[in-house]
Amino acid sequence: MLCPACGSDNLPGADRCDDCMQPLAKLDVPRPTIGFQQRLMEDSVSHLNPSPPISLPGSAPVSEAIQTMKEHKVGCVLVLEENKLAGILSERDLLYKVAGNDRPLNEIRIGEVMTAQPVTLSLDDSIRFAIYQMSVGGFRHIPILESNQPVGIISVKDVLRYLCHSVQRKSAGG
């Protein structure tokens with residue numbers, strides 16, 4: 001791959017030019033054409049209308065997290081410590097880390113079974129990057145942070161809903 005700044009030839013897929021350190025990462029990204037492809041490649045996570053985050057402290061009992069998830073009809077809660085994201089507790093965590101445990105749910109703390117330091121996105125990240133992160137990590141939910149504060153959460157359902165609406169708009173001529 002040729003560096004546009006200095007003309008140096010670099011290995012395909014290189015993140016930076018070996019000679020001048022110019023960023024090359026975005027040069028081999030597929031370019032969108034029109035319609036659905038363009039929306040997928042260029043639209044940001046903000047287009048998914050992230051849900052407001054539902055959060056609890058890590059010291060809360062798992063029973064409270066389950067009740068909160070049921071009340072809000074969500075598949076996860078964010079775990080905050082001193083207003084900073086410490087983890088995420090999802091249905092999958094409950095199934096694999098809590099189900100079958102002999103301890104009562106009100107004795108198990110969220111912090112014991114949460115997924116610590118989850119992958120996060122910002123509102124400016126592209127939808128294609130969100131899909132990539134979900135695919136590679138096997139996630140169904142990703143917290144959205146702005147200035148290190150949780151501002152929302154997206155799920156694979158949000159992405160699929162967006163993609164379906166995009167296809168419908170394209171087939172309807174929009």
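The structure presented is a predicted model; accordingly, all values stated were derived computationally and were not measured. Just so you know, residue 1 is the first one in the sequence shown, and it goes up from there.
Shown here for Leu94 and Leu89, the closest heavy-atom pair between the two residues is CD2-CD2, 4.1 Å. Summarising the geometry of Ser155 relative to His141, their closest heavy-atom pair is CB-CD2, 3.7 Å, with the distance given to 0.1 Å.
Residues Ile153 and Val119 are members of separate hydrophobic clusters, defined by side-chain heavy-atom contacts under 4.5 angstrom among Ile, Leu, Val, Met, Phe, Trp and Tyr. One hydrophobic cluster, built from ILVMFWY side chains closer than 4.5 Å, holds both Val136 and Ile142. Val156 and Tyr132 end up in the same hydrophobic cluster when Ile, Leu, Val, Met, Phe, Trp and Tyr side chains are linked at under 4.5 Å. No continuous path of hydrophobic side-chain contacts links Met114 to Phe139 [ILVMFWY only; heavy atoms under 4.5 Å]. Note on Ile127 and Ile154: same hydrophobic cluster, where clusters join Ile, Leu, Val, Met, Phe, Trp and Tyr whose side-chain heavy atoms are under 4.5 Å apart, directly or indirectly.
Within the 4.5 Å cutoff, the side chain of Ile144 has no heavy atoms near those of the Asp125 side chain. Taking 4.5 Å as the limit, some side-chain heavy atom of Leu163 sits within range of a side-chain heavy atom of Ile131. Counting only heavy atoms from C-beta outward, the side chains of Ser126 and Phe129 approach each other to under 4.5 Å. Under the 4.5 Å side-chain criterion, counting only non-hydrogen atoms from C-beta, Leu145 is not in contact with Val151.
Partners of Asp93 according to the salt bridge (Lys or Arg N to Asp or Glu O under 4.0 Å) rule, which considers only residues two or more places apart in sequence or in another chain, are Lys97. Listed by chain and number, the residues in a side chain to side chain contact (heavy atoms under 4.5 Å, CB included) with Asp19 are Cys6, Ser8, Cys17 (sequence neighbours excluded). Residues forming a salt bridge (Lys or Arg N to Asp or Glu O under 4.0 Å) with Arg92 (at least two apart in sequence, or on another chain): none. Residues meeting the side chain to side chain contact (heavy atoms under 4.5 Å, CB included) test with Ala5, sequence neighbours left out: Cys3, Cys20, Gln22. Legend: residues meeting side chain to side chain contact (heavy atoms under 4.5 Å, CB included) with Leu80, ordered by chain and number and at least two apart, are Ser55, Leu85, Pro150.
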Please set out all donor-acceptor pairs under 3.5 angstrom arising from side-chain atoms of residues 57-79, sequence neighbours excluded.
from, atom 1, to, atom 2, distance (Å)
Gln67, NE2, Glu71, OE2, 3.4
Thr68, OG1, Glu64, O, 2.8

List the atom pairs, with distances to 0.1 Å, where a side-chain N or O of residues 44-52 and a protein N or O form a donor-acceptor pair under 3.5 Å, not counting sequence neighbours.
from, atom 1, to, atom 2, distance (Å)
Ser44, OG, Ser46, N, 3.4
Ser44, OG, Ser46, OG, 2.6
Ser44, OG, Leu123, O, 3.3
His47, ND1, Ser44, N, 3.3
His47, ND1, Ser44, O, 3.3

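Among residue pairs with one or both ends in residues 149-159, those qualifying as salt bridge (charged side-chain N to carboxylate O under 4.0 Å, His left out) are Asp158-Arg161; sequence neighbours excluded. Annotation: salt bridge (charged side-chain N to carboxylate O under 4.0 Å, His left out) contacts involving residues 101-115, sequence neighbours excluded, comprise Arg103-Glu112. A side chain to side chain donor-acceptor pair (under 3.5 Å) check over residues 143-153, counting only residues at least two apart or in different chains, returns nothing.
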